[in-house]
2 protein chains.
Amino acid sequence: MAERVTLQTIADRVGVSRATVSYAFSRPDQLSAELRERILRVAEELGYAGPNPTARSLRLGRAGALGLIFTETLPYAFTDPYAIGFLQGLAVAAEEAAVGLLILQQPRGEERPGLVRDAVVDAFCVFSLPDGHAALDAVLARRLPTIVVDEPILDGVPYLGIDELAAAGAATRHVLDLGHRHIGLAVVGLHHDGRHGWADPARQESAVFEAMRNRVRGYRAAAEAAGLDWASVPVYEVPGHESDGGREAGRALLARTPRPTAILCNTDALALGVLEAAAEAGVKVPEELSVVGFSDSGAEEAGLTTIRQDKQLIGRTAGRLLLSGEPVPERTLLPHELIVRSTTAPPG
Amino acid sequence: MAERVTLQTIADRVGVSRATVSYAFSRPDQLSAELRERILRVAEELGYAGPNPTARSLRLGRAGALGLIFTETLPYAFTDPYAIGFLQGLAVAAEEAAVGLLILQQPRGEERPGLVRDAVVDAFCVFSLPDGHAALDAVLARRLPTIVVDEPILDGVPYLGIDELAAAGAATRHVLDLGHRHIGLAVVGLHHDGRHGWADPARQESAVFEAMRNRVRGYRAAAEAAGLDWASVPVYEVPGHESDGGREAGRALLARTPRPTAILCNTDALALGVLEAAAEAGVKVPEELSVVGFSDSGAEEAGLTTIRQDKQLIGRTAGRLLLSGEPVPERTLLPHELIVRSTTAPPG
DNA sequence: TTGTATGCGTTATCAC
DNA sequence: GTGATAACGCATACAA
């Protein structure tokens with residue numbers, strides 16, 4: 001129907017120049033109230049949609065949006081409370097800076113570099129990508145302010161996370177200090193190959209997800225520092241985002257001889273599953289078994305001892321760093337905290 | 001440091017025209033492999049970030065993003081599982097269409113029309129806004145494909161939701177069919193004034209949130225159709241997003257004489273609170289009291305009878321309608337379902 | 001296969 | 001207070 005109406009359309013109709021019309025919208029004080037009034041009225045009549053944001057953005061050189069790269073699709077990412085909390089935190093920063101939050105989903109398998117290539121944003125936040133994920137290259141190619149949260153850790157790319165190594169070390173020392181000597185690990189999210197089962201040190205080291213790998217390294221370093229022989233520590237691995245992985249790992253670990261008196265888990269979800277397995281096997285927690293989680297997501301109700309990372313703080317900090325206008329620092333580590341609840345005690 | 005590098009920079013350097021360089025990126029088959037190679041190499045050397053998305057978007061006339069308006073900030077919106085589910089659904093549609101999802105938060109009080117004005121998007125989805133919220137005007141001014149989910153219902157603005165009236169009617173008939181005659185209502189989210197207490201019919205009708213208002217209307221219509229005198233039905237109102245509202249409402253309703261034998265709640269969170277109040281008061285559910293929720297968010301574990309709306313379906317449908325390229329239908333109603341669990345039974 | 005010319009809709013700079 | 005003009009960076013019809 002109607003032709004596309006632009007500043008020019010209105011200018012012609014009112015009999016003024018384009019610039020004047022532009023002023024009417026963007027610099028109200030640069031022209032007489034009366035003229036402005038007239039221009040706005042005509043704009044209204046013509047059904048003008050207001051200054052075209054894309055053109056405006058091009059001219060102004062700013063997008064007014066922060067890009068967030070999620071591995072996976074949102075429905076999947078949101079199965080993880082950590083991701084939700086992080087997004088909430090990031091949203092706080094976006095709100096403070098009055099910019100939008102552009103979510104760019106990268107469904108596994110069919111990655112979408114085009115989405116990243118075409119994203120109209122001022123900065124990128126990359127949330128927890130596996131090593132070598134194509135989206136990261138696409139992001140880096142854009143040469144915008146960028147920060148990587150949790151992983152991967154890359155030279156020259158600003159990084160934000162917690163000190164996974166130290167945190168895992170704290171978890172380990174906690175149980176060691178309680179007197180445990182037979183510990184076991186339940187780990188998830190190391191690879192994409194869907195493997196279940198015992199993971200030897202080589203397998204542990206080949207983990208694709210950096211954060212998870214570092215957690216395992218942290219467990220190991222602390223254990224070895226205390227004189228434990230790592231080769232004798234059973235490590236059971238389950239594939240990512242499987243609801244029943246914890247139970248499986250728990251069963252496997254509890255079937256060992258000697259039975260571990262403490263199980264360290266690299267996520268809380270896993271730890272909850274281990275608790276189920278223990279209940280199932282009639283193993284009392286914490287009398288006969290100590291369990292430690294990681295992340296403090298849904299751990300409170302279960303009374304789970306865990307490492308807390310402030311998800312929202314992480315998101316907020318990432319956002320603020322990106323939107324501050326300052327250069328993004330190369331490495332930012334946020335604090336973690338060992339939360340001792342009722343699933344850990346000295347060995348029976 | 002380096003000058004801003006554009007297509008022209010590369011063209012000059014390689015000694016070809018701007019168009020050729022553009023082809024090298026966007027139409028690989030329009031030039032010799034060799035030349036393309038050379039161009040890309042120079043681009044790389046110069047640190048070219050790729051075709052500027054804003055300029056590209058301006059030229060192409062498409063943004064590659066879907067705008068989502070959230071009342072409130074995300075951290076707040078995400079206290080509601082319904083909002084999360086909806087976002088997940090919308091994300092599915094965005095992924096299918098390979099577009100980004102631009103979240104525009106509208107913090108209460110300080111609304112941000114600027115965010116909407118400047119948003120580089122192809123369409124807008126407005127999620128559950130109170131009547132008269134300024135963001136909606138800003139959205140409509142953009143004259144882009146737009147859909148409103150849940151509220152407000154406006155003439156000429158495409159709308160998507162469930163039939164709240166019918167759903168509330170189903171909930172009401174369920175308890176009436178069980179034989180209940182003394183029913184009470186616990187309602188939340190009617191106004192912004194933070195009022196707690198009994199809401200008379202006038203107050204019920206003045207509700208700012210359309211969906212909630214319609215639910216109440218649905219309860220009422222079904223009750224009156226069964227011959228109940230609405231004026232005698234106690235309706236207790238609590239402010240939105242308060243964790244303890246359900247308990248408060250439950251206590252108030254259970255203190256009435258005659259005590260209601262069935263309480264209808266316009267959200268599940270509220271219903272869970274009512275269950276707590278009943279437990280507290282030693283009132284057995286469902287023997288002495290039937291409770292019905294609304295939304296099926298977190299109702300399953302509690303065995304709550306409720307109305308289920310498929311949150312993800314709503315989001316997905318909204319997204320697909322917007323991104324289909326077809327005109328958005330004026331009214332879309334999605335099905336609801338009465339889920340009978342263990343909190344309803346015939347009156348003792 | 002490559003180059004030329006033009007327009008996408010704004011806003012900023014400078015005149016007047 | 002208002003107008004002409006030049007960018008912003010790109011893509012495309014068309015000519016060569």
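Keep in mind that what you see is a predicted model, and the values were worked out from it rather than measured. First the proteins, then the strands, lettered A, B, ... as listed; each starts at 1.
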Which whole-number value in Å describes the distance from [X] [atom1] to [N] [atom2]?
{"X": "A:R62", "N": "C:dT10", "atom1": "CZ", "atom2": "P", "result": "17 Å"}
{"X": "B:D118", "N": "C:dG9", "atom1": "CG", "atom2": "P", "result": "17 Å"}
{"X": "B:N52", "N": "C:dG9", "atom1": "CG", "atom2": "C1'", "result": "15 Å"}

Inset, instruction - Would you check if the distance from the ring center of A:H191 to the ring center of A:F209 is below 6.0 Å? - result: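 Judged by ring-centre distance (under 6.0 Å), A:H191 and A:F209 do not meet the cut-off.
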Legend entry - A:F70 ring center within less than 6.0 Å of A:F86 ring center: no
Inset, instruction - Considering only NZ, NE, NH1 and NH2 on the basic side and carboxylate oxygens on the acidic side, decide whether B:E96 and B:R316 come within less than 4.0 Å. - result: no
Legend entry - Salt bridge present between A:R213 and A:E164 (N-O < 4.0 angstrom):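 No, A:R213 and A:E164 are not salt-bridged.
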Inset, instruction - Scan A:L7 against the nucleic acid and name what it touches under 4.0 Å (heavy atoms): base, sugar-phosphate only, or nothing. - result: base
Legend entry - Any residue of residues 24-33 of chain A with a heavy atom less than 4.0 Å from an atom of DNA chain C: A:S26, A:R27
[X] atom [atom1]: more than 12 heavy-atom contacts under 6.0 Å:
{"X": "B:E44", "atom1": "CD", "value": "no"}
{"X": "B:R27", "atom1": "CZ", "value": "no"}
{"X": "B:E110", "atom1": "CD", "value": "yes"}
{"X": "A:R13", "atom1": "CZ", "value": "no"}

Legend entry - B:T54-B:S57 side chain donor-acceptor pair, cut-off 3.5 Å: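 Not at all, the side chains of B:T54 and B:S57 share no donor-acceptor pair under 3.5 Å.
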Inset, instruction - Verify whether one side chain among A:Q8 and A:R18 offers a donor that lies under 3.5 Å from an acceptor in the other. - result: yes
Close N/O contacts between protein and nucleotides 4-6 of chain C (under 3.5 Å):
residue, atom, partner, partner atom, Å
C:dT6, O4, B:R18, NH2, 3.0

Inset, instruction - Between B:R56 and A:L58, name the one whose nearest nucleotide on DNA chain D is closer to the 5' end. - result: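 It is A:L58 whose nearest nucleotide is closer to the 5' end.
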Inset, instruction - Can you measure from CD1 (A:I314) to CD1 (A:I162) and round to the nearest 0.5 angstrom? - result: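 Those atoms lie 6.5 Å apart.
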Legend entry - Segment of DNA chain D, first to last nucleotide, that comes within the 4.0 Å heavy-atom reach of chain B: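 Contact span on the strand: D:dG9 to D:dA13.
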